[in-house]
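Below is one structure, written out as structure tokens; the observations come after it.
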Amino acid sequence: MSKLALKDEILLKIEKPARYIGNEINSVIKDPAKVDIRFAFCFPDVYEIGMSHLGMKILYEMFNRREDVWCERVFSPWPDLHKIMKEQKIPLFALESQEEIKGFDFIGITLQYEMCYTNILQILDLAGLPFLAKDRTEHMPFVIGGGPCAYNPEPVADFFDLFYIGEGEISYDPLFALYKKAKKEGWNRREFLVQAASIPGIYVPLLYDVTYHEDGTVAGMEPNTEGVPKKVQKQVVMDFSDSAYPTKPVVPFIKITQDRVVLEVMRGCIRGCRFCQAGQIYRPTREKRVEALKAYADEMLRSTGYDEISLTSLSSSDYSQLEELVNYLIDNFKDKGVNISLPSLRIDAFALDVMKKVQDIRKSSLTFAPEAGSQRMRDIINKGLTQEDILHGAGLAFEGGWQKVKLYFMLGLPQETDADMRAIAELANQIAVRYYEIPKDRRNGKCQITVSTSFFIPKPFTPFQWARMYDKDEYLRRAKVVNDAVKAQLNRKSIKYNWHEADVSVLEGVLARGDRRVAKAVLYAYEDGALFDAWSEYYDHERWMRAFAKAGIDPDFYTMRERGEEEAFPWDFIDDGVSKDYLLREWKRAMRGEVTKNCRMQCSGCGANQYGGGVCVENQNQIP
């Protein structure tokens with residue numbers, strides 16, 4: 001029986017076999033004999049999550065435009081298939097060719113979420129590759145990582161040959177050109193890696209040594225090979241309107257998380273929330289031309305058959321041509337049965353007017369993200385929202401016919417007090433009061449307010465990277481403060497409260513902030529059975545605690561202490577375009593409760609103007 005026939009037999013026994021068969025509409029099939037480079041793009045999570053990711057779609061389109069490259073997709077096998085593949089020694093295969101990825105030139109793994117780190121090892125394990133980059137031999141594929149978590153690659157650095165720091169539209173072409181030259185001239189593995197390290201944005205962990213102080217903090221990181229740069233520079237696509245975009249994205253056979261056409265209207269964010277990593281690492285803010293977006297909408301709806309189109313960005317309300325784009329989509333597609341989704345909008349009169357046209361108000365809910373209950377805390381995090389803004393937006397929504405509201409907050413923020421926590425419940429109650437101020441004959445039934453809190457994690461390259469976290473018990477205590485305060489509100493029957501898993505947040509903090517020593521714990525956790533840790537039904541906190549103990553690591557070292565101004569971070573070797581001086585200045589402003597204006601109002605001197613485009617060029621205001 002051939003391996004392919006065996007796969008067919010197995011697929012009949014597992015959940016959602018369509019995750020693994022390939023051949024979807026718009027998938028790219030090439031003759032492997034006619035390409036120079038085979039690239040396995042791996043998403044270390046289940047198919048439905050990975051196929052919803054825009055970044056994967058962009059690079060899949062960009063790579064496959066090249067005649068000399070064939071990019072294929074790989075997703076983490078769900079535990080049912082994982083077990084069978086391990087037992088029967090079935091190698092991990094790519095969807096398009098159904099061939100094992102061990103024979104490819106590159107295995108690219110996108111790092112979107114720290115809780116997927118053990119799935120990285122699942123991919124290497126099932127592919128038949130050594131976990132550690134130093135153990136890989138000639139003719140094995142090069143394992144390259146990228147994505148937002150690559151801005152601190154150190155906790156998984158031992159597993160990767162290379163990392164790509166920044167936006168993928170820039171440096172892959174020179175990397176592929178170098179690889180073709182290396183193959184032609186017969187370079188060995190190390191020779192290629194040394195040369196690759198000179199390409200902007202490429203980080204090769206084996207070419208750097210980390211030293212530590214006696215107290216365990218990082219003393220420094222230095223190249224161990226001549227010609228390797230000391231700093232790795234983030235790559236940014238400035239020709240954003242004309243860069244690669246997936247006009248014919250792959251259409252899955254099964255429903256995925258984001259099953260729709262997606263238009264990326266802008267990249268970056270002008271707001272400067274101090275807890276938000278994406279708002280810092282994707283600077284400067286760049287917009288896509290509205291005419292390009294109109295053309296993409298037309299072509300993507302034709303090529304996919306989807307009946308929904310969504311605008312995506314960190315803050316779509318800040319897109320300067322939003323009104324023109326939204327009106328175009330409504331005028332051209334609403335009557336054709338195409339739904340229009342508008343996430344990331346601030347709730348103002350324009351947004352509500354648009355949403356009335358494109359949503360079923362009785363079924364839909366509106367989302368507000370105040371992030372903190374008190375004005376004091378919103379100023380500390382630089383949210384740029386007042387209580388009046390929130391209540392006014394909610395009032396407009398209620399008067400427009402909505403009665404369902406979702407509110408998102410964080411607990412454990414720097415300088416947070418119990419009074420700030422109780423303010424979350426009080427704000428929810430005031431929103432409910434605003435609803436019941438509307439005459440009864442104009443309401444749509446009972447007000448439904450869902451309050452959700454996550455636990456703050458001080459991510460790298462944010463002004464809050466100097467902040468501390470708390471342990472599980474303290475986070476749960478804070479959630480209880482909010483829960484008790486909700487129960488004490490007059491409109492408590494209209495308010496539902498949910499909170500995130502505290503132990504998962506603590507682990508996420510360790511993996512987000514860790515150094516290279518943490519890789520041992522990740523490996524031990526996987527060997528002990530950790531997999532799909534992002535899924536609550538598979539997460540086992542005690543297994544991770546065993547792994548840390550075996551690795552000789554105290555996880556509290558990475559989470560339970562505030563950093564000093566002079567301490568080196570594990571990620572300091574990366575130049576993300578935003579200066580550490582700026583981040584420290586913002587940290588100090590936060591401690592004083594001072595608000596920093598958004599990038600369109602006034603330049604704050606973050607350093608992103610070095611890229612010479614986007615909002616940094618549009619805004620010529622003086623640096624304060």
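No hydrogens, no waters, no symmetry mates; every other heavy atom, side chains included, goes into these values.
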Are [X] and [Y] close enough for a salt bridge, meaning some N to O gap below 4.0 Å?
X	Y	result
Asp576	Arg283	no
Glu565	Lys580	no
Asp575	Lys231	no
Arg378	Glu371	no
Lys459	Glu114	yes

Practice problem: Starting at CD1 of Ile120, measure out to CG of Asp45 and round the result to the nearest 0.5 Å. | Solution: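 Nearest 0.5 Å value for the CD1-CG distance: 11.5 Å.
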Angle between ring planes, Phe569 versus Trp571, binned at 30° and 60°: parallel, tilted or perpendicular?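 Parallel, since the angle between the ring planes stays under 30°.
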Inset, instruction - Can you label the angle between the Phe142 ring and the Tyr179 ring as parallel, tilted or perpendicular, going by 30° and 60°? - result: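 The arrangement is perpendicular - the two ring planes meet at more than 60°.
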ring-ring contact (aromatic ring centres under 6.0 Å, His included) against [X], all qualifying residues, sequence neighbours excluded:
X	result
Phe464	Phe456, Trp587
Phe275	none
Tyr60	none

Under a 3.5 Å cutoff, is there a donor and acceptor pairing between the side chains of [X] and [Y]?
X	Y	result
Tyr113	Asn119	no
Thr596	Arg589	yes
Arg600	Ser320	no

Backbone N/O of [Y] and side chain of [X]: donor-acceptor pair under 3.5 Å:
X	Y	value
Asn152	Gly514	yes
Asp379	Val595	no
Asp420	Thr417	yes
Gln375	Leu385	yes
Glu586	Tyr582	no
Asp515	Pro570	no
Thr110	Gly147	no

- With sequence neighbours left out, what residues match Ala133 under side-chain contact (heavy atoms from CB on, under 4.5 Å)?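 So Ala133 forms a side-chain contact (heavy atoms from CB on, under 4.5 Å) with Arg136, Asp161, Leu206.
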Tell me, please, which residues at least two apart from Arg561 pass side-chain contact (heavy atoms from CB on, under 4.5 Å).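 Per chain and number, Arg561 pairs via side-chain contact (heavy atoms from CB on, under 4.5 Å) with Thr217, Phe557, Arg563, Glu567.
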TODO: Please report the C-alpha distance between Lys57 and Glu264 in whole Å, then the side-chain angles of each, then the deciding distance to 0.1 Å, and finally whether the salt bridge (charged side-chain N to carboxylate O under 4.0 Å, His left out) criterion is met.
DONE: CA-CA 12 Å; Lys57 296 175 184 178; Glu264 187 182 20; over 6 Å; no
TODO: Could you check Leu322, Val290, Leu311 and say which one makes a side chain to side chain contact (heavy atoms under 4.5 Å, CB included) with Val265?
DONE: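 Single side chain to side chain contact (heavy atoms under 4.5 Å, CB included) partner of Val265 among Leu322, Val290, Leu311: Leu311.
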**OP:** Over all heavy atoms of both residues, which pair between Glu61 and Pro246 is shortest? Give the atoms and the distance, please.
**Re:**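 Answer, listing the atom of Glu61 first, then Pro246: OE1-CA, 3.7 Å.
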Please report the closest heavy-atom contact between Ala297 and Phe333, naming both atoms and the distance.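 The pair with the smallest heavy-atom distance is CB-CE1, 4.1 Å.
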Worksheet entry | Test side-chain hydrogen bond (donor to acceptor under 3.5 Å, both in side chains) applied to Tyr319 - qualifying residues, sequence neighbours left out |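 With neighbours one apart ignored, the set is Gln321.
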* Asked: Are the aromatic rings of Phe159 and Tyr117 close, with centres under 6.0 Å apart?
  ->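 They do not qualify: ring centres at least 6.0 Å apart.
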Requested in this report: Assess Arg516 against Tyr208: is NZ or CZ under 6.0 Å from the centre of the six-membered ring, and within 45 degrees of the ring's axis?
Outcome: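 Verdict for Tyr208: no cation-pi partner in Arg516.
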